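Have a look at the structure below before the remarks.
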Amino acid sequence: MRRPILAANWKMQKTRAEAEDFVEKLLPLIEATDAVDVVIAPPFTALDRVAEVLRGSRVALAAQNVNPEEQGAFTGEVAPRMLADLGCAYAIVGHSERRGLYGESDGFIASKAGALLACDIRPIVCVGETLDERDAGKTFDVVSSQLAGSLARVPDDRADQVVVAYEPVWAIGTGKTATPEIAQEVHGFVRSQLVDRFGPSGEQMRIQYGGSVKPDNVDALMAQPDIDGALVGGASLQPDTFARIVRFQPPGGAS
Ligand code: PGA
């Protein structure tokens, strides 16, 4: 009942020419896959070019970040309206690299999510614990407070437009994926928090897993009941590996 959503997060990688080349190779590889949502988040500098090459395809465009203000004296920042103008349907907010390297708080992330929704852009809101937090038995506390803080400005009637990405920080870019069971345990917890907060809409909200998703682990992850998609970094940089992730095999049959 929840449509799977597979997203490529290129981070600070690819020039416009490299981005265009990727999309041209990807599109034919995923032509037959129409039961899933596919999203590509290039760096800001390649958004316009990627939007052009994606035109007419079913692949959606995403930004990797946004500033919550409408406009003004915010050197180096990009406003939601500018992303809407480029054709972004989604934007990632609260990625652990932004939380960790740039000190972004849940309150700031909440403002971003609210501002995006006001421009009809769907936020992909990332949460996840560090290795120290997991080892200290704080995973659920951390995830619960990040969710409450980061989703604070999501109006109840817009909840179904929000995607949550659970990305354990210890699994990002490390090659250490959470096992499907560990991931499902947290996804199930996230689901219960979303239902507590938003009621039945919480059941409709999609929860992506992120952290070293690869062609060889995506099938088992996607087979879990509360894993509705993947947010993919490293393995999204090559068209063939990302295409295999988009074409994940549901349990018991071909997609
Ligand atoms: P990774 O990154 O797939 O390279 O671990 C995931 C992410 O940071 O979204």
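These numbers come from a predicted model, not from an experiment. Counting convention: from 1, in listed order, for ligands and their atoms alike.
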Is there a salt bridge (Lys or Arg N to Asp or Glu O under 4.0 Å) between Arg2 and Asp226? Walk through the geometry before answering. CA-CA 10 Å; Arg2 292 182 294 264; Asp226 290 297; 3.8 Å; yes

Check which hydrophobic residues are tied to Leu231 through side-chain heavy-atom contacts below 4.5 Å, counting indirect links as well, and list them.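 For the cluster that includes Leu231, the remaining residues are Ile5, Val39, Tyr90, Ile92, Ile124, Val163.
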
Please list every donor-acceptor pair under 3.5 Å in which a side-chain atom of residues 70-83 meets a protein atom from a residue at least two apart or in another chain.
from: Glu77; atom 1: OE1; to: Asn67; atom 2: ND2; distance (Å): 3.0

Measuring from each atom of ligand 1, which residues have a heavy atom under 4.0 Å away?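 Residues near ligand 1: Asn9, Lys11, His95, Glu167, Ala171, Ile172, Gly173, Gly211, Ser212, Leu231, Val232, Gly233, Gly234.
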
For Lys25, all residues meeting side chain to side chain donor-acceptor pair (under 3.5 Å), sequence neighbours excluded: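 By the side chain to side chain donor-acceptor pair (under 3.5 Å) rule, Lys25 matches Asp21.
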
Going from NZ on Lys214 to CG on Leu221, what distance comes out if it is rounded to the nearest 0.5 angstrom?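 So the NZ of Lys214 and the CG of Leu221 are separated by 11.0 Å.
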
Could you tell me whether the side chain of Glu104 and the main chain of Gly94 form a donor-acceptor pair under 3.5 Å?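 Absent.
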
